[in-house]
Amino acid sequence: KNMSDLSLNITDCIQVVVPEEVFFTVAAAGILENLLILIAVVRNKNFHSPMYFFICSLAISDMLGSLYKTLENIFIILCKLGYLTRHGDFEKKLDDAMDSMFILSLLGSIFSLLAIAADRYITIFYALRYHNIMTLRRALIILAIIWTFCAGSSIAIALFSYEAATVIPFTILFPLMMFFILCLYVHMFLLARSHAKKIASLPTSTVHQRTNMKGAITLTIFLGVFLCCWAPFVLHILLARFCPHNPYCACYMSIFHVNGTLIMCNSIIDPMIFAFRSPELRSTFKKMFYCSR
Amino acid sequence: MSALRLISNRTSQQASSNSDYTWDYEYYEYGPVSFEGLKAHKYSIVIGFWVGLAVFVIFMFFVLTLLTKTGAPHQDNADPSEKRFRMNSFVADFGRSLESERVISRQMAEESQSLFHFCINEVENMNKAKKSQKGPGLERNIHFQEVPRSSGMFEEDLHSLTKFNIPNFVNTEHNSSLGEDDLISEPPIILESKLVMQSSHRILD
C-alpha cells in the first residue's frame with residue numbers, strides 16, 4: 001500500500017493529456033493575435049485613447065497567460081530531454097517566476113475587463129463630460145496602478161501559496177469582480193432599454209425586436225467566455241488546496257491540461273470580442289497586411 | 001503555487017513515465033488516492049461543475065434578454081402639433097427618469113453654461129498640447145470623433161444608442177425650437193430622432 005507514485009489503475013482517473021501540438025498551436029495563435037493588437041494600437045495615433053489602452057492591457061494579460069503555458073511546456077520538454085537539472089535552485093526560481101506570471105495574467109485580465117466596463121459606463125452615463133473624466137493621463141495612471149497591484153499580489157501569492165489565506169482571497173476576488181462587471185453592464189442595459197422604449201414610441205421609428213437580442217448575446221458572450229475559461233482553473237486551485245486526497249477532487253484535478261488549454265483559448269477569443277469589434281482596428285489590420293505584401 | 005507544482009509533477013510523470021522527474025518539495029508527498037467505495041460517479045465534480053456553469057450562463061442570457069426586451073413598436077398617425085407636444089412631454093419624462101432630479105438639475109446648470117466653453121476649451125487645450133505634432137485641423141477631427149467612436153463601438157453592440165456627433169449637436173442649437181435645457185439633458189438618440197422629425201416638418205410645411 002506504500003506507494004511513492006500515484007496509482008494508475010484502470011479504475012482511477014487518468015490524467016487527461018492534451019497533445020503538445022494542440023497546446024503549442026493554441027498558445028502561438030493567442031500570442032500572435034494579441035501582439036498584432038498591441039502593434040496596431042502603438043503604431044496608429046488614432047488609437048491613443050483610454051478605451052484602446054484598456055483593450056491593450058487586456059491583450060497584454062492574455063499574452064502573458066499564453067506565454068506562461070508555452071514556457072512551462074518548453075521547460076518540461078527540456079527537463080524530459082535532460083537539458084535542465086531537475087532539482088536545481090535555478091529551476092525552482094524559474095518555476096516561481098512562471099507561476100507569478102500566470103497569476104499576473106489572471107489578475108490583469110480581471111482588472112482590464114473591469115476597466116473596460118467602467119470606461120464604457122462612463123462613456124454612456126457621462127457622455128458629455130467623458131473627456132474631462134477620462135483623460136489619457138488618468139487612464140495611464142489607472143493602468144499603472146492596476147499593473148503594480150497585480151504584480152505585487154502575484155509575487156506575494158506565488159511566494160506564499162502554501163497558506164490558505166492567499167488561496168481564499170484569490171478565489172473570492174474572481175466571482176466578486178465578475179459580479180461587479182455584470183452590475184455595470186446591467187445598468188447600461190437598463191438605460192439602453194429605456195432609450196429603446198422611448199424611441200419605439202416615436203411615430204417615425206421602426207424598432208426591430210431582433211436587434212435588442214444582440215446586446216444580450218454580446219454581453220453573455222463577454223462574461224460567459226471569461227467564466228468558462230478561467231473558472232475551471234480557479235476551482236482546481238481550490239480543490240488542490242483543500243481536498244487533494246479526495247477521489248472526486250482527484251478526478252477533477254486530472255483534467256488540468258484541458259483547463260490550461262481553455263485559458264489559452266480565452267487569449268484567442270478575447271481579442272475577437274473586444275478589439276476586432278472596432279471597425280477602425282479592423283481597417284488598420286487590413287492596411288497592415290496589404291502594406292506588408 | 002502548490003497546485004501548479006503538483007500538476008507539473010503529474011504532468012512529468014505522464015510525459016515520461018520512466019524518468020525521475022520530481023521537484024524538490026517534500027511537502028508534495030501525496031499519498032495514493034483510493035478509488036474504492038465511491039457512491040457517485042467518479043467524474044461527478046467535473047460534470048456537476050460544467051452543468052452548473054452552463055445553467056448559469058443560460059440563466060444570465062435569459063435575464064439579459066428580458067432586460068432588453070421592449071414592447072411592440074407603437075405607430076401612431078398624429079398631426080405635427082401633437083407629435084411635437086408628445087416629444088416635449090417624453091423628453092421631460094426622460095429627463096426625470098434618467099437620474100435623480102438633483103443630479104439632473106446640477107448637470108443642467110453646469111452643462112448648459114459650459115457646453116460651448118467646453119468645446120472651445122477642448123479644442124484650445126488640444127491645440128496647445130499637441131502643437132508640435134500634427135496640424136490642428138486633423139487633431140480637431142480626431143478629437144471630435146473620439147467620443148462618438150468610443151461610444152459608437154459599444155453602441156454597435158447595444159444597438160440602442162446612435163453616434164453622438166458633436167457637430168450635429170452644435171447644429172441643433174441653432175435650428176431647434178426646443179429649450180437648451182432639453183437638448184442637454186436628453187440623450188443623443190433622442191436628438192437624432194428629433195432631427196429627423198424637424199427635417200420632416202420642414203419638408204411638410
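So that the names make sense, note that chain A is the first sequence line, chain B the second, and so on, each numbered from 1. The structure presented is a predicted model; accordingly, all values stated were derived computationally and were not measured.
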Rounding to 0.5 Å, atoms CD1 (B/I45) and SG (A/C243) come to a distance of 6.0 Å

Minimum heavy-atom distance between A/Y248 and B/S44, given as atom pair plus value: CD2-OG, 3.3 Å

According to disulfide bond (SG atoms under 2.5 Å apart), who are the partners of A/C228, at least two apart in sequence or on a separate chain? none

Which of the residues A/C249, A/A231, A/P232 is involved in the greatest number of heavy-atom pairs with chain B at under 4.5 angstrom? A/P232

Side chain from CB out, backbone as N, CA, C, O: work out which of these in A/L239 comes under 4.5 Å of a heavy atom of chain B, or both, or neither. side chain

In short, A/S254 meets B/Y43 closest at the heavy-atom pair OG-CE2, 4.1 Å

Can you pull out the residues in residues 53-62 of chain B with any heavy atom less than 4.5 Å from chain A? B/L53, B/F56, B/V57, B/M60, B/F61

Part of A/L182 lying under 4.5 Å from any heavy atom of chain B: side chain

Select, from A/I77, A/L190, A/T220, the one with the greatest count of heavy-atom pairs under 4.5 Å involving chain B. A/T220

Go through the atoms of A/I255 and report whether side chain, backbone, both or neither lie under 4.5 Å from a heavy atom of chain B. side chain

